[in-house]
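Presented below is the structure to which this report refers.
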There are 2 protein chains.
Amino acid sequence: MKIRAPKYEQIAEEIRKRIRDGIYQPKTAIPDQNTLAKEFGVSRMTIKKSLDGLSMAGLIYTRRGDGTYVLGDIPLKIDTNSPAQKHTGLTAELGSRLSSQVIQFTTIMPTEELMEHLKINHDEPVLNIIRLRLVNKEPYVLEHTYMPKKLMPNLNNRVLKHSIYNYLEKDLNLKLGGAYRKIHADFSNNLDIRYLGSQPNDPILEVEQVAWLQNGIPFEYSFSRNKYDTRSYTVLDINPANA
Amino acid sequence: MKIRAPKYEQIAEEIRKRIRDGIYQPKTAIPDQNTLAKEFGVSRMTIKKSLDGLSMAGLIYTRRGDGTYVLGDIPLKIDTNSPAQKHTGLTAELGSRLSSQVIQFTTIMPTEELMEHLKINHDEPVLNIIRLRLVNKEPYVLEHTYMPKKLMPNLNNRVLKHSIYNYLEKDLNLKLGGAYRKIHADFSNNLDIRYLGSQPNDPILEVEQVAWLQNGIPFEYSFSRNKYDTRSYTVLDINPANA
DNA sequence: TAGTGGTCTAGACCACTCG
DNA sequence: GAGTGGTCTAGACCACTAC
């Protein structure tokens, strides 16, 4: 079923493996692009494209006129947490350890705010969903989700108990384009206290999100509320400067 | 002083301008790559590289076999906030509205945690700095920063009142490579209450960061504490899927 | 089938680092 | 000056969409 990946991805994967296996050591140079091109039997542009990807992922860095070096591990990264850049949803991330409890599932007419975020008219109904996601049966995050009903014709409780993203991609054959997120801190509200088990004064980490399909149509406005001590968001930020 | 930018960047800038000016409208296709290649007098690969950049920035999207389309504005984006991906520091972002108050500036020996985050030995001293950053004279963020002393030979109060990043790039001629950030929510502590003016039970948005130079050497471990109602972090997340 | 974007080549020139 | 990475070309083939 899986078509073969482009050469530059295969090569990137092989180099990634060599770094992982210690064949290419941190702080040391890897072979130059011409040598790699010969080794893999491809042109140098293809090698360059592989290296660009690894560079964006923070595994290597290049110095024009000098060489390409392996970048050591990032210290903070060892405590694994949810990357703020993610396109898969919680289900893919946590698999069978994740379960979901549907707290609310209604259809409403959009507020001004929802009309703006989802780019819809006042007469287009919106699904209003509240789900508690649990990891190993422990409350993990409380998700408030709004989606245009017209995009989700057969969304039902069975889907909500599993993955909305799978439903989008497998059943509706729609492709996720991207998301824009805002991360705040907030007080616990009554729902947080009731479902997440927060204490009244506990801080909450809230991730507000607008997500859209590949064609640019917004399909979800949501905010996810996490207990302050169970989750943090992580961001890797590579400086593309070559100046 | 500024060398001319590569063609693909110049072209990307021109296309960006056309989108901004409404010459290329949201949801509509822009000219195909061959047409653009002719118009700009470059090869198609160069056009492709321009479009890749715009695609990563969330301005356009491409559909193989179909065309390239302009992606409309992202709703949440209108309230401007600090992008979680940033390489410039607060000074570049806020300019003259920003001022800094140095609360603490000492040299310490590293803890186990600092040795790990900064990848240094137990006998290498560390600068320990606490700064309150103010915007329009209002408390904005309380920054706790740790940096290896050997990397910052002449760091002084004058620098701390302005920009550490400028000092790095201009005075020391070092280049920022990247940063890894973890974003949490937390309770206010005594320093937050005293300097940020938090109430005792106010939530705090904390950004913990390890930053390194282009050669991979970590130069800063810091955590920045923000009042819950004055700042949020934003992340743009584009799905690179072509599957 | 025609037209699109994605990949890849073989070579070229340039900018830069280092000895 | 030798060697490196960054850019760019002119063309080719492929995968995919729409008709």
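Protein chains get the first letters and strands the later ones, always in sequence-line order, with residue 1 at the start of each.
Scanning for side-chain hydrogen bond (donor to acceptor under 3.5 Å, both in side chains) contacts around B/Lys38 gives an empty result, with sequence neighbours left out.
Look at A/Lys7 and you'll find a side-chain N or O under 4.0 angstrom from OP1 or OP2 of C/dT9. Between A/Lys49 and C/dT7, a side-chain N or O to OP1/OP2 separation shorter than 4.0 Å is present. Under 4.0 angstrom from either OP1 or OP2 of D/dT7 there lies at least one side-chain N or O belonging to B/Tyr8. Here B/Thr62 does not reach the OP1 or OP2 of C/dT4: none of its side-chain N or O atoms lies under 4.0 Å away. The side chain of A/Lys48 places no N or O atom within less than 4.0 Å of a non-bridging phosphate oxygen (OP1 or OP2) of C/dC8.
For B/Thr46, counting side-chain heavy atoms from C-beta on, the closest listed nucleotide (D/dT9, D/dA12, D/dG6) is D/dT9. Of the candidate nucleotides C/dA12, C/dG5, D/dG11, D/dG11 has the atom nearest to the side chain of B/Met45. Between D/dT9, C/dG6, D/dG6, one nucleotide has an atom nearer to the side chain of B/Arg44 than all others, and that is C/dG6.
Between A/Arg18 and A/Glu14, some side-chain heavy-atom pair lies under the 4.5 Å cut-off.
By the 30° and 60° cut-offs, the orientation of the rings of B/Phe223 relative to B/Tyr146 is tilted.
Between the side chain of A/Arg63 and the base of D/dG6 there is no donor-acceptor pair of N/O atoms closer than 3.5 Å. Put simply, the side chain of B/Arg64 and the base of C/dG3 share no donor and acceptor less than 3.5 Å apart.
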